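Report on the structure given below.
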Amino acid sequence: MDGTIRLADYRAYPFTIDHVALTFRLSPGATRVKSLLHMAPTAPNADLHLDGEELSLISLAINDSPLNKKEYSVTPTGLTIAASAVPTTAFTLSCEVEIAPNANTALEGLYMSNGMYCTQCEAEGFRKITYYPDRPDVMARFHVRIEGDLPVLLSNGNPAGKGEGWAEWDDPWPKPAYLFALVAGDLVATSGCFTTRSGRNVDLNIYVRPGDEDRCDFALESLKLSMQWDETAYGREYDLDLFNIVAVDDFNMGAMENKGLNIFNSKLVLASPETATDTDYMRIEAVIGHEYFHNWTGNRITCRDWFQLCLKEGLTVFRDQSFTRDVRLGPVKRIEDAATLRARQFREDQGPLAHPPRPDHYREINNFYTVTVYEKGAELVGMLKRLAGDDGYKTALDLYFDRHDGQACTIEDWLKVFEDTTGRNLDQFKLWYTSAGTPRLDVTEEWDGDTLTLTFTQSTAPTPGDPTKAPRHIPIQIGLLAPDGTEVVPTTLLEMTEATQSFHFPGLSERPTASILRDFSAPVMLARDLSTADLAFLLAHDTDGFNRWDAGHSLAKTTLIAMTTGADPSDDFLTAIGGLLADDSLDPTFLAHCLSLPSDDELAQAIFASGKTPDPDAIYVARADLARKIAQTHQTRLEQLYDATEVKGPYSPDAHSAGQRDLRRACLGLLSHIDAGHRAQALFDSASNMTDSLAALTTLIRHGRGAHALEQFRERWKDNRLVMDKWFMVQVGACPPKDAIATAQALAEDPLFDWKNPNRFRSLIGGLVANHAGFHAANGDGYAFLADWLIRLDPMNPQTAARMSTSFETWRRYDATRQAHIRDELTRISQTRGLSRDLSEMTQRLLG
Ligand code: TRP
Ligand code: ZN
């Protein structure tokens, strides 16, 4: 009726498809797609329904006899053949359609990007290519023939022959349609080889447009590293003769794990020292890993339906996070992941878009590729691992691969594997998957002379459509520290299952300080009344890296929140920072994290959570004041560190060099508040890599001194799309808030503002939103700017428009005037004629 799809309505498809043969005759405006499906019924008397959208049907036949018009019906969303016309035993269904890739601006299905053909089929794009049961529980072997006059013609699986103007591909592994891919273009490959542990040779290729081939080496090395890691860490080997990656400039998301033919947003492939930052390098490695790891967690074992999306995404994110920790960052990785989760997923959970990691209804599945499904989904895997232990986790995963290889699975299948291997009952744990919201965990302490008692109380605020919240199973890691900082109780796992629960630690000679939720052992909001002295103690002594950082982060947050109402910065905080700066033993990346203040948005979230209304301008001023105060108090040491962390010699993206640059950038940011921009200007003038260049440029812009540097930067990089994305993003994202909207408006008029390119659109619009006080200008101009652009983009590219609309999700935090402006803009969007299903679902939920 209203188009809502429900998990409860799931029914198996009444046919199997053993084999699919596809033939593409490529032409920009009129591509012909022929399909031959080898099918068999699995239930009697079932109509045969195939999904299909925006297709022109040319012919349709069963067992080579054309169907007559009375035997089937076609609607805008599909084709149904009456049960009476369907054979009762195995049969073939052949079909031919015509599609127009050059008219496809939504970047879903078969589309064109810079003269090259490419596909994006997840989640439901295959139905824009041909009539087919476009659902992940229908798995088939695909054989593909491509006819076209372009030099490179690619599809999934292994090569099966090629000649002048054609190529054939055969994928031996049954797969759902969302993993289908086709690429055709004038492309060049950077090639390599990987020998699996059982001795099979796999050819590796990174395909890019001519001119980009000098920026592929890092991606290729990352792929080899990923293949190696999955063998060692999970015992998973690659299963084809070939692994291809193609970079495309127009892509709605980061990358896609199509079997044997991953397609990537070019920003996650191309890197050179001059054009990519340390962060870009790190993300490329992580996303190459992520897509590669999907080969087992997603492809060999896939999802039964899209409600189970976190089955593949949560697990694959958990795997890519572990990979980055192992090959690059070590324990600091946990700080970054936990910080992202708290900043972005807690925000989603606290607003109108809150949903469970496994939702039970949706209108448009593309709207559910969220931080909750991905990042919270990964946390749930992490909690299961903590509960099962490292060995238990390994046993469970081995059984998962063994038992479910080749299947389309559910969260129930996944949990059952852990139940069977650990002997636990996970009914209560399952609430994490099926219920939205972030539990708040209150803790009180009692000391009676030799026993410390910790009493925890959990509560979860109601979320849309889910008012009552039962207690969850929460793994809480704690440790106890003596007053001199030594550990009297090392990291211990407590399992909380009740609403309120106490844990006793007897036999202690003096009252210890508890370190709670070590390594961020569960995605909860820890509410703990700690004095600034306690926080300073933990910051100086905690043996758990995450909690040590978090103590400093809490201290900074408390200080900044007090400053927004006129308080002076606390001396405890400034002294604690001095302690860190003096400690030569600290990992530079860790120290850099400690020196970066909580973001404006995170502060607004914290102020709102404490029952008050955040004032974006006051937050902006407080952050700048505190940064200046830190610089004034610790100027000499910061200057020393800035000089000492200069990395000499040619650029390398390795973790050690990047850590030095992280720390140096943190020092630069603080010192820029008292050095009139001299260091940033000098760094900009001398920079020989993009990491330094962009750090310097950002700092100059932040202080209103960027005009000249921006001109030089543009002149140098105007022909490089990825670098120009940064140019757009940084000037609106980092400029003083009072200039943000005028800057955004001017940039929108820039001839290089190609708004149909998702990366460029996200640079400008996302840049404005990242400028917290600028976007939230009290007069509502920021909101109107965003709404105007969403309305304009929606008819072209609904997926990206809907995704960007989440920038409004925090609107209930702010004062009545701002809320009224946002409500007006959301209403205006929702009343736009012809609005996509994507954006209309989002505005309805946002207005909720
Ligand atoms: N499966 C992809 C990943 O996480 C996500 C993805 C890529 C996607 N492109 C998409 C999801 C388009 C929806 C629409 O690795
Ligand atoms: Zn993924």
Side-chain angles (χ1 to χ4, degrees), residues 104-111 113 118-129 134 136 156 175-183 222-223 226 230 245-269 283-303 306-324 357 359 362-378 381 758-759 762 797-804 806 836-839 841-842:
N104 181 349
T105 58
L107 314 184
E108 186 188 54
L110 178 66
Y111 65 95
S113 171
C118 59
T119 54
Q120 173 54 43
C121 293
E122 187 176 3
E124 300 181 332
F126 193 74
R127 62 189 62 188
K128 293 179 163 185
I129 293 177
D134 189 7
N156 316 88
K175 66 170 176 292
Y178 83 86
L179 291 172
F180 168 81
L182 177 154
V183 169
S222 300
L223 177 58
S226 307
D230 213 13
I245 289 179
V246 181
V248 306
D249 287 339
D250 300 281
F251 202 72
N252 280 336
M253 302 275 283
M256 181 63 212
E257 69 265 25
N258 317 301
K259 184 82 189 191
L261 179 54
N262 287 1
I263 299 183
F264 272 62
N265 188 319
S266 54
K267 75 172 179 190
L268 291 165
V269 171
R283 288 208 60 216
I284 289 169
E285 185 180 81
V287 178
I288 296 237
H290 179 97
E291 305 311 332
Y292 176 75
F293 304 145
H294 267 314
N295 191 53
W296 275 95
T297 53
N299 301 3
R300 289 285 287 258
I301 304 180
T302 193
C303 302
W306 292 117
F307 297 104
Q308 321 295 330
L309 181 58
C310 75
L311 176 72
K312 76 175 174 81
E313 294 304 344
L315 177 54
T316 304
V317 171
F318 181 75
R319 276 152 52 73
D320 83 55
Q321 291 174 345
S322 311
F323 169 61
T324 301
Y362 60 77
R363 283 179 57 207
E364 172 52 62
I365 186 57
N366 284 322
N367 289 336
F368 285 81
Y369 286 74
T370 60
V371 270
T372 296
V373 167
Y374 278 64
E375 271 72 21
K376 187 169 178 174
V381 176
N759 290 359
R762 279 189 292 257
N797 186 337
Q799 247 182 62
T800 293
R803 183 155 280 271
M804 294 305 288
T806 59
S836 67
R837 177 170 62 205
D838 309 58
L839 191 53
E841 179 183 39
M842 292 305 284

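By convention here, the first residue in the shown sequence is residue 1. All values derive from a computational prediction rather than experimental measurement. Both ligands and their constituent atoms are indexed starting at 1 by order of listing. We use all heavy atoms of the structure for the numbers below, so side chains are in, but hydrogens, waters and symmetry mates are not.
Enclosure of atom CZ in Arg363 by more than 12 non-hydrogen atoms of other residues, nucleotides or ligands within 6.0 angstrom is indicated.
Close contacts between ligand 1 and Ala255 involve ligand atoms 2 (C), 3 (C), 5 (C), 6 (C), 7 (C), 15 (O) [criterion: under 4.0 Å to a heavy atom]. Set against the non-hydrogen atoms of His290, the atoms of ligand 1 under 4.0 Å away are 3 (C), 4 (O), 15 (O). Interface atoms of ligand 1 facing Gln120, defined by a heavy-atom separation under 4.0 Å, are 9 (N), 10 (C), 12 (C). Counting atoms of ligand 1 from 1 in the listed order, those under 4.0 Å from a heavy atom of Lys312 are 1 (N). Residue Met256 has at least one heavy-atom neighbour below 4.0 Å for each of these atoms of ligand 1: 1 (N), 2 (C), 7 (C). Of all the atoms in ligand 1, the ones that sit under 4.0 Å from a non-hydrogen atom of Glu257 are 1 (N), 2 (C), 3 (C), 15 (O).
The closest non-hydrogen atom to atom 15 (O) of ligand 1, taken over Glu313, Glu122, Glu291, Arg803, comes from Glu291. The nearest non-hydrogen atom to atom 11 (C) of ligand 1, considering only Phe293, Phe251, Tyr369, comes from Tyr369.
In terms of heavy-atom proximity, Gly125 sits nearest to Glu108 at CA-CG, 3.8 Å.
No hydrogens or angles considered: nothing links the side chains of Asn156 and Asn258 as a donor-acceptor pair under 3.5 Å. With no hydrogens or angles considered, a side-chain donor-acceptor pair links Ser266 and Asp249 at under 3.5 Å. Glu291 and Asn262 share no donor-acceptor pair across their side chains, judged by distance under 3.5 Å alone.
In terms of protein heavy atoms, atom 3 (C) of ligand 1 is closest to Tyr374 OH, 3.4 Å.
Asn299 places a side-chain heavy atom less than 4.5 Å from the side chain of Glu257.
Proximity of Glu108 to ligand 1 is not established, as no heavy-atom distance is less than 4.0 Å. Ligand 1 has at least one atom lying under 4.0 Å from a heavy atom of Asn366.
Outside the 6.0 Å centre-distance limit, the rings of Phe368 and Phe307 are not counted as a close aromatic pair.
Using cut-offs of 30° and 60° on the angle between ring planes, the pair Phe180 and Phe126 is perpendicular.
The Zn ion (ligand 2) lies at the vertex of an angle of 160° between the OE2 atom of Glu313 and the NE2 atom of His290 (rounded to 10°).
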